[in-house]
Protein chains: 2
Amino acid sequence: QDVTLINPFEVPTVHEKATIEHWEKARDFLQTQPGYISTQLHKSLQPNSTFFLINIAKWESTEDFQRAISNMQKVIPALELDGVKNYPALYEVIRN
Amino acid sequence: QDVTLINPFEVPTVHEKATIEHWEKARDFLQTQPGYISTQLHKSLQPNSTFFLINIAKWESTEDFQRAISNMQKVIPALELDGVKNYPALYEVIRN
């Protein structure tokens with residue numbers, strides 16, 4: 001049963017470019033991992049929204065996702081920029 | 001060019017049921033509005049995530065979405081429950 005990773009990012013304007021570049025590095029690694037299905041990085045259309053970026057990715061299982069993240073952490077350092085905060089969690093669809 | 005509404009909800013456990021019921025009322029109204037494409041309500045698979053619910057909806061345009069919301073506010077009272085907070089904003093996909 002596939003799962004959806006939804007990851008909202010708070011991003012100060014000064015760090016927008018660096019955050020997207022770090023996301024691209026992570027995406028390039030994660031898309032090679034077993035269980036990866038797809039990902040879409042969303043950018044807010046409104047200047048003052050709380051979350052400038054929200055990533056939405058699909059994985060075949062929770063275990064696939066967790067294994068991929070732990071593999072990634074061995075080769076890509078975590079994003080550490082002042083004011084950049086994110087809230088990753090796995091979700092399932094309950095209503096349409 | 002269609003847009004994506006992403007709306008994370010902070011929901012205390014005691015208000016989970018009432019929040020979902022209010023979401024269903026809003027969905028039933030919004031899906032009748034011009035420009036509505038689809039919606040998916042996501043529930044967190046992890047107990048301690050910041051956002052228990054995240055709604056992801058597709059609309060044909062920003063204007064369609066804004067008109068639908070203002071129409072809805074005339075007939076459905078806003079959700080006001082202690083500790084329930086949400087962060088709706090419109091997004092576009094910038095990377096896959």
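So you know, we letter chains A, B, ... as the sequences are listed, proteins then strands, and number each from 1.
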As an exercise, state the distance from [atom1] of [X] to [atom2] of [Y], rounded to the nearest 0.5 Å.
| X | Y | atom1 | atom2 | value |
| --- | --- | --- | --- | --- |
| Asp64(A) | Arg67(A) | CG | CZ | 5.0 Å |
| Phe51(A) | His42(A) | CZ | NE2 | 15.0 Å |
| Thr62(B) | Gln1(B) | OG1 | CD | 8.0 Å |
| Ile6(B) | Ser49(A) | CD1 | OG | 10.0 Å |

Next item on the list: Name the option with the most non-hydrogen atom pairs under 4.5 Å to chain A; the candidates are Ile56(B), Asn55(B), Leu53(B).
Entry: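 That would be Ile56(B).
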Check: Can Leu79(B) be reached from Met72(B) by stepping across I, L, V, M, F, W or Y side chains whose heavy atoms are under 4.5 Å apart?
Finding: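 Result: no, two separate clusters.
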Notebook entry, point to check: Between Thr19(B) and Phe9(B), which heavy-atom pair has the shortest distance, and what is it?
Noted result: CG2-CD2, 4.2 Å
Next item on the list: Compare every heavy atom of Pro77(A) with every heavy atom of His22(A), then report the nearest pair and how far apart it is.
Entry: NE2-O, 3.0 Å
Note to self: Given heavy-atom pairs under 4.5 angstrom as the criterion, report whether the side chain, backbone, both or neither of Glu24(A) touches chain B.
What the structure shows: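 The side chain, not the backbone.
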Notebook entry, point to check: Does any heavy atom of chain A fall under 4.5 Å from the side chain of Ser44(B), the backbone, both, or neither of them?
Noted result: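 Its backbone and side chain both get close to chain A.
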Item checked: Residue part contacting chain A, namely of Thr39(B), when any heavy atom lies under 4.5 Å ->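 Contact with chain A: backbone and side chain both.
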Check: Which of residues 81-96 of chain A get closer than 4.5 angstrom to chain B, counting heavy atoms alone?
Finding: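 The list, in residue order, reads Tyr87(A), Ala89(A), Leu90(A), Tyr91(A), Glu92(A), Val93(A), Ile94(A), Arg95(A), Asn96(A).
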Notebook entry, point to check: Does a salt bridge link Lys25(B) with Asp28(B), judged by any charged N lying under 4.0 Å from a carboxylate O?
Noted result: no
